[in-house]
There are 2 protein chains.
Amino acid sequence: MNKKRTTLKDLAKELGLAASTISRALDDHPGISQETKEKVLNKAEELGFTRNSIASSFRKNKTLTIGVIVPRIDIHFHSLVISGIEEYAYKAGYNVTIFQSRDSIKRESKITKILQNKMSEGVIICLGTETNSYEHFEKLNRMKIPLVFYDRVPTGFEANKIIINDYESAFKATEHLIEVGCKRIAHIGGSQSTGIFKARFEGYKAALVKHDFPMEKNLVHFTKDLSYEEGALVAKKLLALKSRPDGIFCSNDYTAVSAIQVFQKNMVKIPQEIAIVGFSNYPISKIIEPHLTTVNDRAFEMGMAAARLLIRQIEEEEDIIQTEIVTIKTELLIRESSTK
Amino acid sequence: MNKKRTTLKDLAKELGLAASTISRALDDHPGISQETKEKVLNKAEELGFTRNSIASSFRKNKTLTIGVIVPRIDIHFHSLVISGIEEYAYKAGYNVTIFQSRDSIKRESKITKILQNKMSEGVIICLGTETNSYEHFEKLNRMKIPLVFYDRVPTGFEANKIIINDYESAFKATEHLIEVGCKRIAHIGGSQSTGIFKARFEGYKAALVKHDFPMEKNLVHFTKDLSYEEGALVAKKLLALKSRPDGIFCSNDYTAVSAIQVFQKNMVKIPQEIAIVGFSNYPISKIIEPHLTTVNDRAFEMGMAAARLLIRQIEEEEDIIQTEIVTIKTELLIRESSTK
DNA sequence: AATTAAGATGCAAACGTTTGCATAAAATTT
DNA sequence: AAATTTTATGCAAACGTTTGCATCTTAATT
């Protein structure tokens, strides 16, 4: 005695109309009389009828669903991006299915297959660290499923991308340190095989060059993961130098925060003796004392932009495949860690 | 010249077999010969065939999709829970569609309708703050769609729930303060109309009672949102008292952290003069100096448990509707903020 | 009044997969 | 060798919605 769902046909029978008429009435089709539309609407309400959207998807070949693949959901940056994606997608009538690759290319590849079968109409991706080939995405491309990458985007693979201008943001952050009077600026960077961290380093270098500062090798340190722990390690190295830097540009907020703490423990005053700038505007940056100057990477807006671009490509009539690269404007949030 | 997907029928034609045979072969059905299975598998590979799972869902009336409704994705606690849900669901072959209610009951209700139409097979929910009636969920219940609530769960509404023992966790946290020698313990609590925060307060009280400590009214403060700012406000009030507390149990980590900072700015030593315990094990708790003693609420495990319970209920043959309440074990993470 | 146009509704096929039942062929038992 | 069982495959309907086209009614135009 499983209670069956009410279907279009049930409604049709009740009203003595054809299923097609009901369908059109619910769609507010111009060819259906106002009178009938009202009758249908009322009856639908009465019987608690709602369309079976799986059947609809099946028939129309449209699922109104987009997939999102991120390395991990519980990284604050990604959760903000997903939030932005969901927000835009919801308003546009799309649903969002999420997957974590957990940085495994195998899992990433399997997920693309699932999305293919599930007839996802488009996919938003942040690549995992392992990912160095893009065959699994090419397959989606061949099936005309639009893709949008964000943050960690593929290189040498034409695709839609949502990025920030890491180079320019780093440049401005470094220049800000120069403007507040720093003379010798260090850099705590990320893995140089990752595009965004390389770009941040380049931006740092460019600012030094512009202002005729020499680049001192022993002031530049690259970490593996930009982890809190690695940040402390580098900070200790900088602390041990006979002539310490008076400013540091860090490629993320974790290393910046741990550097602040290391210096403070060693009685080095922030920002008076060393000014510090981070990157990403993590919640911690507004809590640490002194509050951290950092680059707002506008993760939420990235998500919105990714969803907007994807949905536009899904709904575009033309089949002229073209890719877009959208750059989100960042802003330097100047706080106490750099205001001498 | 839209490239059409290869279908079962295409495969069937290619091989001179019936579509049903292909379908069964791909399912490794026992009635199909090994030889045929191999031929089918090879041809499928060759033509890049994958099942259209929308058609399959439609036919089988099974979508292998679960919905998740959270107030906001970018709250760290929720992103951890979602991560746990995704992890379990992925391994069980289910997909996860996420929605943010943004604490609006209207949006929450609309989402339940979408999930109904989309034939979600089950839903995991953390209620929004506005939610005080459960009709929209009752409707899902009536359609035999299993529901699992976590964290903010409905009261007076029989349902599956994943919770932690807030009372006991608070009790232990407070007792820990007593054990390290605190004599006068304050409490920074959340809105008492929210079950979990009331339970934490009750646990605090019970620990005091057990150890024959009086409850001092002016040491107990309830905030609206347990926000960082409110924590600072309460901390300042406590600071202004002629006889200050020597320990504080806070209902979350934000208020605990801001209290630490307020005290430190006023030259009050943590933990020597005031020991502090938080709740939730936010990332900040391991960064703030001194590191914060806090209750690990095991958000990831909550997500796993929610998905496990939901999927079990989805797949259960029996129709005996029963609800389960799962309590996740917490642990007190003792760090420097409370070790005198 | 005859013709045409416009308006409202119905018919039936289609989407791709699954599944109960039927059938055919081969293997086994009598 | 006939009867029976087993094994392998095919047939056809069904799932609920959508959509092009056909049909029928009514209104507008000649």
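Only this structure's heavy atoms are used, side chains among them; waters, hydrogens and symmetry mates stay out. In what follows, chains are A, B, ... by sequence order, proteins preceding strands, each numbered from 1.
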Provide, to the nearest angstrom, the distance between the [atom1] atom belonging to [X] and the [atom2] atom belonging to [N].
| X | N | atom1 | atom2 | answer |
| --- | --- | --- | --- | --- |
| A:Q34 | C:dA6 | CD | P | 20 Å |
| A:D10 | D:dG16 | CG | P | 8 Å |
| B:I54 | C:dT18 | CD1 | C1' | 16 Å |
| A:H29 | C:dG7 | NE2 | C1' | 11 Å |
| B:L64 | C:dT17 | CG | P | 16 Å |
| A:I22 | D:dT19 | CD1 | C1' | 16 Å |
| B:K37 | D:dT7 | NZ | P | 13 Å |
| A:M119 | C:dG16 | CE | C1' | 10 Å |

- request: Compare the aromatic ring of A:F58 with the six-membered base ring of C:dC15 and state whether they stack according to the 5.5 Å and 30° rule.
  value: yes
Of the listed nucleotides [options], the one nearest the side chain of [X]:
| X | options | answer |
| --- | --- | --- |
| A:L17 | C:dT9, C:dC11, C:dT17 | C:dT9 |
| B:K60 | C:dT19, D:dT18, D:dT9 | C:dT19 |
| A:K9 | D:dC11, D:dT17, D:dG20 | D:dT17 |
| A:S56 | C:dT19, D:dT18, D:dT19 | D:dT18 |
| A:S20 | C:dG10, C:dC21, D:dT17 | C:dG10 |
| B:R24 | C:dT19, C:dG16, D:dT18 | C:dT19 |

- request: Decide yes or no for A:V326 and A:L309: does some side-chain heavy atom of the first lie under 4.5 Å from some side-chain heavy atom of the second?
  value: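 Result yes, sub-4.5 Å side-chain heavy-atom pair found.
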Ignoring backbone atoms, test whether [X] places a side-chain nitrogen or oxygen under 4.0 Å from the OP1 or OP2 oxygen of [N].
| X | N | answer |
| --- | --- | --- |
| B:T36 | D:dT9 | yes |
| B:S33 | D:dT9 | yes |
| A:R51 | D:dT18 | yes |

message: Show, in sequence, the C-alpha distance, side-chain angles and deciding distance for B:Y88 and B:Y94, and conclude whether the ring-ring contact (aromatic ring centres under 6.0 Å, His included) test is met.
response: CA-CA 9 Å; B:Y88 189 92; B:Y94 283 75; 9.0 Å; no
message: Any carboxylate oxygen within less than 4.0 angstrom of a Lys/Arg side-chain nitrogen, looking at A:E87 and A:K91?
response: yes
task: Looking only at non-hydrogen atoms, find the nearest pair between B:I105 and B:T131 and report the distance.
output: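 The answer is CD1-CA, 3.9 Å.
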- request: Return the 5'-most residue of the pair B:A55, A:I32 with respect to DNA chain C, ranking by each residue's nearest nucleotide.
  value: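 Looking at DNA chain C, the more 5' nearest nucleotide goes with A:I32.
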NZ or CZ of B:R107 within 45° of A:Y90 ring axis and under 6.0 Å: yes
- prompt: For the base of C:dG16, is there a side-chain donor-acceptor partner from A:R59 under 3.5 Å away?
  reply: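 When only heavy-atom distances are counted, A:R59 does not reach the base of C:dG16 through any donor-acceptor pair under 3.5 Å.
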